[in-house]
Amino acid sequence: MRFIIVSGPPSAGKTAVMVHTIKHLLKDGLKVVACKIDCLKTSDDEYYHTLGIPVAVGLSEYLCPDHFFAANLEEIYAWGINHEAEVLILETAGLCHRCAPAVQGCLSICVIDNLSGIDTPQKIGPMLSTADIVVISKGDIVSQAEREVFRQRVEMVNPDAAVLTVNGLNGQGSLKLKKIIMDSTPISEIEGKELRCSMPAAICSYCTGETMIGSKYQMGNVKKVSFGKV
Amino acid sequence: MINSISVVGGKDKNGIPEAVQCLEIMAGEILAVVGTTGSGKSMLIADIEQWADGETPSQRRILINQIPAGEFTEDRLLRGMAAEVSQNMNFVMDLTVKDFLYLHACSRNLEQPETLAEQVLIYANRLSGEPISSQDKLTVLSGGQSRALMVADVALISDAPVVLLDELENAGIDRLAALKGLALQNKIVVLVTHDPMLALLADRRVIMKNGGMFALHTTTGEEKRVLQKLEKNNRQISFLRDQLRQGLTINEEWSPTTLE
């Protein structure tokens, strides 16, 4: 089974890009399943359901979504195998910009859009820099010059990735993404594979439900802002 | 060196093969794309801009010098071969005009990016009614200023063998001056337009219908004579436009004869 991890900032067009790409996979008679990891609420499963494929949703709720994601990879893999899937699309959302969901051996796709601001490629850090494929969306609403400048910014952060442009509205470019997915190597298990970027430590009183403000309520791994010399 | 590009027909919105099965455009030619709104004009130039290889909704394939674009495996080779002025009237990037032009020149690995950025600004100011300052934020430029800057950028920074223009007539910039300024000698120019003058200025025009290339027409000698009349009318309308813009009034005795 090919285990494909899709990440990207909110509203970048992850689901739209993947729905078009999955349509191409289904046309080739492949068995595809999709799983969406989100924080509190998602409606993206409805879009995947319209394709008539098995869909699973995981909501991290009171947990850090990144840790929730990593802790469930094995179960998600098993779910895909139970459905005899040939391609599993795992879409993540809610990742803070410190984390990256990429796993060694799994094709990792980062979707980012042309409207997201010139500094976004630098800001989202490891999510972009550890991706194998960067998909840039919403190119139809900006000038060619802006597309070129934005693409260069992306390539500065991740010079090794293949950069594709996909139009999430009409699917232009999604056939190329499908070909890349089919050229990726299937995996036979996910246990023992490694995250490409470690996740941040998060063991403080707020992790366990504390809501009060002030140092006297804080315990554990607490880091304070340095304001420099005043 | 690009001597020609060919559009190998795909399918229209109903999945029916396009009536025009192959459209070859030679260097030095201006091709107009005409048709009602929604007929697929912008999609046609988007296919060329992306060097489509059967993967777009139209399933068209673009050949460069008779070789399918898909066979150029290193896609960096194809980058920069087509310059496009799309229908966009606004920028979204949060940068000053100067920084943006500089970064764009750098992204194309051009020499002396700072000088080039200055030249683009000078040229944009010739096309634009309102002056553009190098310290202006891109996002606050008016439609006309943005459009003028996009055209100037295509002329000087994205200088490419294939030029794609989507409704150049929008935004009130001088479209004929813009077209001339794009240094179109020996380039392949594809021009989407609703403007009869621009359509007749082209050597040929492809007529779009329901997402497909429906017919191909070579501009006749008679049409070129009509074009001359249109150009005369255009000078009259430009004259009136300038008068109104400057706050003058127009009476029934206005005479455009001095323009001829």
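Just so you know, these numbers come straight off a predicted model, no measurement behind them. Convention: sequence-line order gives letters A, B, ...; per-chain numbering from 1.
- At most 12 heavy atoms of other shown residues, nucleotides or ligands fall within 6.0 angstrom of atom CD in Glu114(B).
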Exercise. Taking it one step at a time, do Val92(B) and Ile141(A) satisfy side-chain contact (heavy atoms from CB on, under 4.5 Å)?
Worked result: CA-CA 9 Å; Val92(B) 299; Ile141(A) 23 190; over 6 Å; no
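- Of the atoms belonging to Asn114(A), it is backbone heavy atoms, and not side-chain ones, that fall under 4.5 Å from chain B.
- The contact between Met93(B) and chain A is made by backbone and side chain atoms together, counting heavy-atom distances below 4.5 Å.
- Both the backbone and the side chain of Leu103(B) come within contact range of chain A, judged by heavy atoms closer than 4.5 Å.
- The local environment of NZ in Lys193(A) is crowded, with over 12 non-hydrogen atoms from other residues, nucleotides or ligands closer than 6.0 Å.
- Within the 4.5 Å cutoff, side-chain heavy atoms of Asn170(A) are placed close to those of Met43(B).
- Enclosure of atom CZ in Phe214(B) is not indicated, since only 12 or fewer non-hydrogen atoms of other residues, nucleotides or ligands lie within 6.0 angstrom.
- Nearest heavy atom pair, residue Ser86(B) against residue Ser143(A), reads OG-CA, 4.5 Å.
- With hydrogens and angles ignored, the 3.5 Å screen pairs a side-chain donor or acceptor of Gln144(A) with a backbone N or O of Ala82(B).
- Heavy atoms from other residues, nucleotides or ligands lying under 6.0 Å from CZ of Arg153(A) number more than 12.
- Only the backbone of Asp94(B) comes within contact range of chain A, with heavy atoms under 4.5 Å apart.
- Heavy atoms of Asp140(A) lying under 4.5 Å from chain B belong exclusively to its backbone.
- The number of heavy-atom neighbours closer than 6.0 Å to NZ of Lys11(B), taken from other residues, nucleotides and ligands shown, is 12 or below.
- Glu49(B) touches chain A through its side chain: at least one heavy atom from C-beta onward sits under 4.5 Å away, while N, CA, C and O do not.
- Interface summary for chain B: among Met156(A), Glu146(A), Gln152(A), Lys178(A), the most heavy-atom pairs under 4.5 angstrom belong to Glu146(A).
- No more than 12 heavy atoms of other residues, nucleotides or ligands sit less than 6.0 Å from atom OH of Tyr102(B).
- Both the backbone and the side chain of Glu84(B) come within less than 4.5 Å of a heavy atom of chain A.
- No part of Asp53(B) comes within reach of chain A, as not one of its non-hydrogen atoms sits under 4.5 angstrom from that chain.
- Around atom CD of Glu130(B), more than 12 heavy atoms belonging to other residues, nucleotides or ligands sit under 6.0 Å away.
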